A.B. asks: 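For reference, the structure I am asking about is given below.
Bear in mind the structure is a predicted one, so any value in this text is a computation, not a measurement. Worth knowing before you read on, the calculation uses all heavy atoms, side chains too, and leaves out hydrogens, waters and symmetry mates.
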Amino acid sequence: MALYWPEARVALEIVDDPASKPYEGPDDWTVLHVTCADIYDVHRFQKIGRELGRLLGEDTSFMDDPLWQRKNAELHAQLTGGIPPFGVYR
């Protein structure tokens, strides 16, 4: 699956999502290639968020706050709890 931010010429492609098409955009865009495991792992997910924010010109300094990190990790666990990472079903 690819998510697009045309105004910033940025795309995020989840490369191992079998239900999606690969990125099919201009060559001059920045494309972040991530896996389902990257999204499932809270630390890699936060790293993706930082990089995406940087590419979009957003201030991600709030992500340095330990309270934000803890709350974000709790929310991430709730959203992914009980769902095995992609690939377990293969």
A.B. asks: Measure the spacing between CD1 of Ile39 and CG of Leu12 and express it to the nearest 0.5 Å.
C.D. replies: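 Between Ile39 CD1 and Leu12 CG, I get 6.5 Å after rounding to 0.5 Å.
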A.B. asks: Output all residues satisfying ring pair (Phe, Tyr, Trp, His ring centres under 6.0 Å) with Trp68, sequence neighbours left out; order by chain, then residue number.
C.D. replies: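 Residues passing ring pair (Phe, Tyr, Trp, His ring centres under 6.0 Å) with Trp68: Phe62.
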A.B. asks: Assess the residue pair Phe45 and Asp38 against the criterion (side-chain contact (heavy atoms from CB on, under 4.5 Å)); give the C-alpha distance rounded to whole Å, side-chain angles, the decisive distance to 0.1 Å, and a yes or no.
C.D. replies: CA-CA 6 Å; Phe45 183 72; Asp38 292 331; over 6 Å; no
A.B. asks: How would you list, by chain and number, every residue that makes a side-chain hydrogen bond (donor to acceptor under 3.5 Å, both in side chains) with His33, sequence neighbours excluded?
C.D. replies: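 Per chain and number, His33 pairs via side-chain hydrogen bond (donor to acceptor under 3.5 Å, both in side chains) with Glu13.
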A.B. asks: Quick test of your reading: applying salt bridge (Lys or Arg N to Asp or Glu O under 4.0 Å), list the pairs with at least one residue in residues 67-78, sequence neighbours left out, ordered by first then second residue.
C.D. replies: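 Output for this query lists Arg70-Glu74.
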A.B. asks: Side chains of Val15 and Val34, heavy atoms from C-beta outward: is any pair under 4.5 Å?
C.D. replies: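 No, every pair of side-chain atoms sits at 4.5 Å or beyond.
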A.B. asks: Any idea which heavy atoms bring Asp16 and Cys36 closest together, and the distance?
C.D. replies: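 Scanning both residues, the minimum pair turns out to be OD1-N, 2.8 Å.
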A.B. asks: How is the hydrophobic cluster of Val31 composed, in terms of its other members, when Ile, Leu, Val, Met, Phe, Trp and Tyr link through side-chain heavy atoms under 4.5 Å apart, directly or indirectly?
C.D. replies: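 Result for Val31 is Tyr4, Tyr23, Trp29.
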A.B. asks: Could you grab the distance from atom CG of Leu79 to atom CG of Leu75, nearest 0.5 Å is fine?
C.D. replies: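 Those atoms lie 4.5 Å apart.
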A.B. asks: List the atom pairs, with distances to 0.1 Å, where a side-chain N or O of residues 46-53 and a protein N or O form a donor-acceptor pair under 3.5 Å, not counting sequence neighbours.
C.D. replies:
{"from": "Gln46", "atom 1": "NE2", "to": "Asn72", "atom 2": "OD1", "distance (Å)": "2.7"}
{"from": "Arg50", "atom 1": "NH1", "to": "Asp64", "atom 2": "OD1", "distance (Å)": "3.0"}
{"from": "Arg50", "atom 1": "NH2", "to": "Met63", "atom 2": "O", "distance (Å)": "3.0"}
{"from": "Arg50", "atom 1": "NH2", "to": "Asp64", "atom 2": "OD1", "distance (Å)": "3.0"}
{"from": "Glu51", "atom 1": "OE1", "to": "Arg54", "atom 2": "NE", "distance (Å)": "3.1"}
{"from": "Glu51", "atom 1": "OE2", "to": "Arg54", "atom 2": "NH2", "distance (Å)": "2.7"}

A.B. asks: Closest heavy-atom contact between Val42 and Ala73?
C.D. replies: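 It is CG2-CA, 3.8 Å.
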